[in-house]
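Here's the structure, in structure tokens; my notes come after.
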Amino acid sequence: MEERMQTALVTGANRGLGFETARQLAQRGYRVLLTSRDEVAGRAAAARILREEKAGRVEFQRLDVTDTVAIAALAKRLSDEHILVDILVNNGAVALDGFDEGVARKTIDTNFFGPLRVTDALLPFIPDGGTIVMVSSAAGELSILSDSLKSRYADRGLTRDALVALVGKFVEDVRRGRHGAEGWPTSAYGVSKASLNALVRIMAIELAKRKIRINAVCPGWVHTDMGGPGAPRTVAQGASSILWAALLTNDQTGGFFRDGQPIPW
Ligand code: NAP
């Protein structure tokens, strides 16, 4: 029987770390579903990898992680074309300027609920033993939270519903101007990544029976549009931190890593 080609799907892959991760996976022989919310940019990125790498299979798929219709269309394509996703890299995210209810809502919707929605929708297409990477950030370290919030986030008994309620409370506290009093920092980005990390710990338990590994990674401070020109790490260095977790074959799950080394939650 012909061996099935291993497939990887990367969100927010039209530029930055997502693009480089998609490029490196294609280089390693994966069929890559390069997803982007912008069709023109995504198609151009896929074409660039095909042109520069010559080998490999890179296909564009439109995907805005905040758009449930687009996520359902992706799931339908996977079903119709019998595609299994061996590696899912939830990379797409925003780091918005300012801090108010709108920023908090959009940041949480993209950086926390985006990966949650995409992962849940794609789980039927991830084979047992598959790999999920949540691209997170040290900016989401629990030390940004008050002691009381920290202990709720770090609680091993934290459920998915309780986490979603906590995240909703953050947005509501910002709306009411109560975030400081309630122990939240003035960084929606930081809260979104702390929440994503908590989700990784919860999902690792949920997915253990299918031997699907899920880990959070920090790429370090990387010279991309988000990281800015002063960042010390190259895109290739940042992407290799992501690749390490994407290419794991052991039973490591539920961790937070940079460059293959565990880092504090
Ligand atoms: P970037 O250059 O700003 O790229 C962000 C990517 O996310 C873009 O492709 C963007 O698409 C996409 N995106 C934003 N909103 C989206 C949505 N709703 N649906 C789908 N895609 C969306 O950032 P980066 O530096 O490569 O960051 C990649 C990941 O690394 C992020 O998760 C980030 O939080 C994390 N990270 C970065 C650094 C750093 O120093 N750069 C440090 C720690 C963690 P558009 O082109 O359409 O906007």
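Indexing begins at 1, ligand by ligand and atom by atom, following the structure's order. The first residue of the sequence shown is numbered 1, and numbering continues consecutively from there.
The protein heavy-atom contact nearest to atom 18 (N) of ligand 1 is Asp64 OD1, 2.9 Å. Summary of contacts: the protein heavy atom closest to atom 15 (N) of ligand 1 is Arg37 CZ, 3.3 Å. With hydrogens left out, the protein atom closest to atom 6 (C) of ligand 1 is Gly12 O, 3.8 Å, a heavy atom. Scanning the protein heavy atoms around atom 3 (O) of ligand 1, the nearest turns out to be Arg15 NH1, 3.3 Å. Ala93 O, 3.7 Å is the protein heavy atom nearest to atom 5 (C) of ligand 1. Scanning the protein heavy atoms around atom 32 (O) of ligand 1, the nearest turns out to be Asn91 O, 2.7 Å. The protein heavy-atom contact nearest to atom 42 (C) of ligand 1 is Gly220 O, 3.0 Å. Summary of contacts: the protein heavy atom closest to atom 23 (O) of ligand 1 is Met226 CB, 3.3 Å.
Going from atom OG1 of Thr68 over to atom CZ of Phe113 covers 13.0 Å, rounded to the nearest 0.5 Å. In this structure, CG on Asn14 lies 12.0 Å from CD on Glu39, to the nearest 0.5 angstrom. Atom CZ of residue Arg152 and atom NZ of residue Lys169 lie 6.5 Å apart, to the nearest 0.5 angstrom. Rounded to the nearest 0.5 angstrom, Glu59 CD and Leu50 CG are separated by 9.0 Å.
When each atom of ligand 1 is checked for a heavy atom of Tyr189 under 4.0 Å away, the hits are 33 (C), 34 (O), 35 (C), 36 (N), 43 (C), 44 (C). Close approach of ligand 1 to Trp221 is summarised as follows: ligand atoms under 4.0 Å from at least one heavy atom of the residue are 40 (O). Each of the atoms 2 (O), 26 (O) of ligand 1 lies under 4.0 Å from some heavy atom of Gly16. Listed by number with element, the atoms of ligand 1 under 4.0 angstrom from any heavy atom of Val94 are 14 (C), 15 (N). Remark: ligand 1 atoms within the under-4.0 Å shell around heavy atoms of Asn14 are 8 (C), 9 (O), 11 (O), 45 (P), 46 (O). Listed by atom number, the atoms of ligand 1 under 4.0 Å from Asp225 heavy atoms are 2 (O). Applying the 4.0 Å criterion to heavy atoms of Leu63 picks out, from ligand 1, the atoms 19 (N), 20 (C). The Ser137 neighbourhood of ligand 1 comprises atoms 43 (C), 44 (C), with distances under 4.0 Å to a heavy atom of that residue.
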Verdict with reasoning, Leu25 to Leu243, per side chain to side chain contact (heavy atoms under 4.5 Å, CB included):
CA-CA 8 Å; Leu25 286 165; Leu243 260 285; 3.9 Å; yes
Are Phe112 and Leu163 close enough, and set up right, to give a side chain to side chain contact (heavy atoms under 4.5 Å, CB included), and what steps lead you there?
CA-CA 11 Å; Phe112 173 75; Leu163 174 61; 3.8 Å; yes
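Of the polar atoms of Val65, at least one N or O is found under 3.5 Å from an N or O of ligand 1, judged by distance alone.
Annotation: Lys150, atom NZ; neighbour count of heavy atoms from other residues, nucleotides and ligands within 6.0 Å is above 12. Residue Arg156 qualifies as open at atom CZ: its count of foreign heavy atoms under 6.0 Å is 12 or below.
Residue-level proximity to ligand 1 for Ala139 is absent, since no heavy atom of it falls below 4.0 angstrom. With a 4.0 Å cut-off on non-hydrogen atoms, Lys193 touches ligand 1 through its side chain and not its backbone. At a heavy-atom distance under 4.0 Å, no atom of Val235 approaches ligand 1.
Contact check on Arg77 versus Asp80 returns no salt bridge, with no Lys/Arg side-chain nitrogen under 4.0 Å from an Asp/Glu carboxylate oxygen. Of the charged side-chain nitrogens involved, none lies within less than 4.0 Å of a carboxylate oxygen, so that Arg213 and Asp251 do not count as a salt-bridged pair.
A heavy-atom separation below 4.0 Å is not found between Thr11 and ligand 1. In this structure, Gly228 falls outside the shell of residues with a heavy atom less than 4.0 angstrom from ligand 1. For Pro219, the closest heavy-atom approach to ligand 1 falls below 4.0 Å.
A donor atom on one side chain and an acceptor atom on the other are found under 3.5 Å apart for Thr66 and Asp64.
For atom 27 (O) of ligand 1, the nearest non-hydrogen atom from the set Leu17, Leu196, Thr66 belongs to Leu17. Remark: among candidates Asn90, Val118, Val222, Thr110, the nearest residue to atom 40 (O) of ligand 1 is Val222, based on non-hydrogen atoms. When Thr35, Val89, Ile242, Thr224 are ranked by how near their heavy atoms come to atom 25 (O) of ligand 1, first place goes to Thr224.
At least one cation-pi condition fails for Arg178 and Trp184: the charged atom is not both under 6.0 angstrom from the six-membered ring centre and inside a 45 degree cone around its axis.
For Asp86 (side chain) and Gly130 (main-chain N/O), no donor-acceptor pair under 3.5 Å exists by modelled atom type. At distances below 3.5 Å, not a single donor-acceptor pair connects side-chain atoms of Lys211 with backbone N or O atoms of Ala208. Under a 3.5 Å cut-off, the side chain of Thr253 and the backbone N or O of Ile214 do form a donor-acceptor pair.
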